[in-house]
Amino acid sequence: MDTQDMKTAELVKKYNFRFTKSLGQNFLIDETVTEDIVLGAEVTEEDLVIEIGPGVGTLTTQLLKKAKRVVAIELDSTLISILQTEIGDNQKLMLIHNDALKVDFNEIIGEEKSVKLVANLPYYVTTPIVVKLLKEGYKFKSLTIMIQKEVAERMNADPGSKTYGALSLLVQYYCNTSIVRAVPPESFIPRPKVDSIVIRLDRLEEPKVQLDNEKLFFDIIRSSFNMRRKTLWNGLKSIGLDKENLQLAFDNAGIDPKRRGETLSIQEFGKLSNKVNELF
Ligand code: SAM
């Protein structure tokens, strides 16, 4: 057992902490993983780091060594008390007791120029949190997050692969994605039933494709993947164009309506969406 192993387990024991499964409480006990998360995020003295779900502060302590400031948002009041006692006197740390889904991140970010989100996310809310962080347009340079392996693979998937879908397109519209490392269940207490991956999402200055109607783009993507075996034509019949105009939109975009959604690149979805928008 190395120092970090002992520290996390010790704190759990010291405070007789009872894990709440429904809050996705699996704490890291493998020091190499916390190191790789901080290294993967490339945290520097310029950075405000926002952490979601600090737990007993395993990752937080490492982030505080590298960052200008750390703001940690935790929902569990028991953990907030533990964190206050253990690391609350660190001037660089601000603790927020709240649900990350209810936080206005602009209030935290303020005028800060270099903001990075780093977190071992609670898996039950990974997708809503990531969707919120991306869609609400906060000025994060990057998100380095540990999430369930399958979700990370969907975020990182290329067209044509089995895992490519609406989540891949949403994430890749806003970010470049890269895998930092895989993490086995043994790296946590208690052990989760799933494997994990640390993924980094680097936010692009401009979204990957230029769109005339962003909402329509995401509506088209959702309809195209609703039933994976359907052709684009079947998926998009209900998008709101009559048959002639839908055929025209496909012709104008140069896309065969017999193709399936999973074969289209983000650029092709962008083109199709702009051509459908012209005919509305
Ligand atoms: N960062 C710690 C670590 O790596 O050991 C703990 C990570 S644990 C996977 C997820 C943490 O998120 C828990 O501390 C849990 O209480 C907290 N959490 C769960 N739901 C939350 C929410 N909606 N908002 C903020 N924190 C949440």
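As the structure is a prediction and not an experimental result, all values here were calculated from the model. When a ligand or atom number is given, it counts from 1 through the structure's own listing order.
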Exercise. Any luck finding a side-chain donor-acceptor pair between T78 and Y15 under 3.5 Å?
Worked result: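 The criterion, which ignores hydrogens and geometry beyond distance, is not satisfied for Y15 and T78.
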Exercise. Looking only at side chains, do K271 and N274 share a donor and an acceptor under 3.5 Å apart?
Worked result: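 No.
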Which ligand 1 atoms, with their elements, are less than 4.0 angstrom from a heavy-atom of [X]?
{"X": "N26", "value": "7 (C), 8 (S), 9 (C)"}
{"X": "I73", "value": "25 (C), 26 (N)"}
{"X": "Q25", "value": "13 (C), 15 (C), 16 (O)"}
{"X": "L79", "value": "14 (O), 16 (O)"}
{"X": "E51", "value": "1 (N)"}

Exercise. Above 12 or not: heavy atoms from other molecules or residues under 6.0 Å from CD of E206?
Worked result: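 Result for CD/E206: open.
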Problem set entry | More than 12 heavy atoms of other groups within 6.0 Å of Q210 CD |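 No, not enclosed.
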Problem set entry | Part of P54 with heavy atoms under 4.0 Å of ligand 1, whether side chain, backbone, both or neither |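 For P54, only backbone atoms sit under 4.0 Å from ligand 1.
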Among all protein heavy atoms, pick the one closest to [atom] and tell me residue, atom and distance.
{"atom": "atom 24 (N) of ligand 1", "result": "A100 N, 2.9 Å"}
{"atom": "atom 26 (N) of ligand 1", "result": "L75 N, 3.4 Å"}
{"atom": "atom 14 (O) of ligand 1", "result": "E74 OE1, 2.7 Å"}
{"atom": "atom 23 (N) of ligand 1", "result": "D99 OD1, 2.9 Å"}
{"atom": "atom 20 (N) of ligand 1", "result": "Y124 OH, 2.8 Å"}
{"atom": "atom 4 (O) of ligand 1", "result": "N120 ND2, 2.8 Å"}
{"atom": "atom 6 (C) of ligand 1", "result": "G53 O, 3.4 Å"}
{"atom": "atom 19 (C) of ligand 1", "result": "L23 O, 3.1 Å"}

Taking [X] for its side chain and [Y] for its backbone only, find out whether a donor-acceptor pair lies under 3.5 Å.
{"X": "D47", "Y": "V49", "value": "no"}
{"X": "H97", "Y": "L75", "value": "yes"}
{"X": "Q25", "Y": "T20", "value": "yes"}

Exercise. Can you list the steps and then say if S114 with K141 is a side-chain hydrogen bond (donor to acceptor under 3.5 Å, both in side chains)?
Worked result: CA-CA 7 Å; S114 184; K141 275 192 173 166; 3.2 Å; yes
Exercise. Do the rings of F225 and F269 sit parallel, tilted or perpendicular, given the 30° and 60° boundaries?
Worked result: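 Judged by the thresholds at 30° and 60°, the geometry between F225 and F269 is tilted.
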Exercise. Looking only at heavy atoms, which two atoms of V71 and I96 are closest? And how far apart?
Worked result: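 Looking at all heavy atoms of both residues, the closest pair is CG1-CD1, 3.6 Å.
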Problem set entry | From the candidates G24, P122, G55, the one that places a heavy atom nearest atom 8 (S) of ligand 1 |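 The residue whose heavy atom sits nearest atom 8 (S) of ligand 1 is G24.
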Exercise. Do you know which of V33, V38, L64 makes side-chain contact (heavy atoms from CB on, under 4.5 Å) with L59?
Worked result: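 The passing option is V38.
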Exercise. Hey, does L59 sit under 4.0 Å from ligand 1 if you only count heavy atoms?
Worked result: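 No, L59 has no heavy atom closer than 4.0 Å to ligand 1.
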Problem set entry | ligand 1 contact by N98, heavy-atom criterion under 4.0 angstrom |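 Contact check N98 vs ligand 1: positive.
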Exercise. Can you find an N/O atom of F27 closer than 3.5 Å to an N/O atom of ligand 1?
Worked result: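 Checking ligand 1 against F27, no N or O pair falls under 3.5 Å apart.
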